[in-house]
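These numbers were taken from a predicted model, which means no experiment stands behind them. In each ligand, atom 1 is the first atom listed, and ligand 1 is the first ligand listed.
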Amino acid sequence: MSTDRPKIILDCDPGLDDAMAILVAVQHTDLLGITSVSGNAPLSATTRNALLVSQIADTDVEVHAGADRPLIIEPKHAAHVHGEGGLNGPTVPPLHRSPTSNDAVQFIVDTVRATDDVWLVPIGPLTNIALAFRQAPDIVAKVAGISLMGGSTGGGNVQPVAEFNIWADPHAAQIVFGSGAERIVMAGLNLTHQYTVDRDLAVRLAGIGTAVGTFAGEVIEACVEFSERMRGASTSPLHDPCAVLAVTHPQHFGSVKRHVDVSVSDITAGMTVVDERGYDDANANVEVLYEVDRDATIEVFVESVAAFS
Ligand code: BDR
Ligand code: CA
């Protein structure tokens, strides 16, 4: 693998869109490891799905199982989107792999301490990252950055003002957003809703004619079906690849640095409060992504899928 690729740890809860983010990460990053977390489905399912995707992609990347519950609140899952098993829709083969460890937090800490310029790319609830920062505060200054999918500058999805990943563990999100990390890049719903996929794309991916192409086509089909059912829309946002692409192809994104904090209270729990007033720059802690060149980055996604033999 070429050394000019960004080194990342992909922290995920697959998850249909997480599975697509894994494919992009395999092709465009120096993927140091995949860590799983309770989120879209319970930890046993998200770990299994991470292993399945790495098996389908035929990559030997390590998978480490992480937190099986949020820091304080009870676990919340998204079976209505991804199915009880977290990967509802695509046909998957029998699993022949097992996790390298059941201590994702220790893996993150050890890897960041031992390696310069590691990007943490969390695309599920932020539990593992918060636990790693709590256990080893020294790694906060050591990471290249955190590029996360979560939050929103406006409305939410699972709640009127909360996006799923932040809502599912708001206390962890509060720790990460308040960590003081030099670079925190946020791909929130305001961004990912511009990154849309449709049935034509599903057909195009299936037409690649490989196992990975078929899998990706079925995943996109499942995403579009869900959007049709829930919103009557013929397109679906594909959230999680955006957090990977923001690191690998930053030229296709536009951001503004803002002060962002997370609510942990009552009806607004899980809300990312983004200060867009423009005169609080001293406290700006997050590069909030506002723009993506959708067509260019969809091509990167398609080419990533096509690059698997
Ligand atoms: C986020 O929630 C999950 O359901 C998706 O995988 C994505 O990470 C979108 O709100
Ligand atoms: Ca996810």
Q) What atoms of ligand 1 come closer than 4.0 angstrom to any heavy atom of Met149? A) 1 (C), 7 (C), 8 (O), 9 (C)

Q) Does any N/O atom on Asn165 come nearer than 3.5 Å to any N/O atom on ligand 1? A) yes

Q) How far is atom 6 (O) of ligand 1 from its nearest protein heavy atom, and which residue and atom is that? A) Asp17 OD1, 2.6 Å

Q) So, does Val81 sit close enough to ligand 1 that a heavy atom of it is under 4.0 Å from the ligand? A) no

**Q.** Angle subtended at the Ca ion (ligand 2) by OD2 of Asp240 and OD1 of Asp13, nearest 10°
**A.** 140°

Q. Is there a donor in the side chain of His239 and an acceptor in the side chain of Thr192, or the other way round, less than 3.5 Å apart?
A. yes

Q: Inspect the contact between Arg199 and Glu228 and indicate whether a charged nitrogen and a carboxylate oxygen are less than 4.0 angstrom apart.
A: yes

Q.
Considering non-hydrogen atoms of the protein only, which is the closest contact for atom 8 (O) of ligand 1, and what is the distance?
A. Asp240 OD1, 2.6 Å

(Q) Strictly under 3.0 Å, is the Ca ion (ligand 2) approached by any N, O or S atom of Asp17? (A) no

Q: Specify whether an N/O/S atom of Ile123 falls short of 3.0 Å from the Ca ion (ligand 2).
A: yes

Q) In terms of the angle between their ring planes, are His80 and Phe226 parallel, tilted or perpendicular, with boundaries placed at 30° and 60°? A) perpendicular

**Q.** Per-atom contacts of ligand 1 with Ile123, taking only distances under 4.0 Å to non-hydrogen atoms
**A.** 8 (O)

Q: Specify whether Trp167 and Phe164 have parallel, tilted or perpendicular ring planes, treating 30° as the upper limit for parallel and 60° as the lower limit for perpendicular.
A: tilted

Q) Considering His239, His82, Glu163, which one's heavy-atom position lies nearest to atom 10 (O) of ligand 1? A) Glu163

**Q.** Element-labelled atoms of ligand 1 that are located less than 4.0 Å from some non-hydrogen atom of Asn157
**A.** 9 (C), 10 (O)

Q. How long is the span from the OG1 atom in Thr47 to the NE2 atom in His64, to the nearest 0.5 Å?
A. 11.5 Å

**Q.** Glu276/Lys257 ion pair, N-O < 4.0 Å
**A.** no

Q | Main-chain N/O of Phe253 paired with Tyr290 side-chain donor or acceptor, under 3.5 Å | A | no

Q. Does Lys7 count as lying over the ring of Trp119, i.e. NZ or CZ under 6.0 Å from the six-ring centre, within 45 degrees of the axis?
A. no

Q: For ligand 1, note which part of Thr192 has a heavy atom under 4.0 Å away: side chain, backbone, both or neither.
A: neither

Q.
What I want to check is whether the side chains of Asp18 and Asn40 have a donor and an acceptor closer together than 3.5 Å.
A. yes

(Q) Could you identify the single nearest non-hydrogen protein atom to atom 3 (C) of ligand 1 and state the distance to 0.1 Å? (A) Asn40 OD1, 3.1 Å

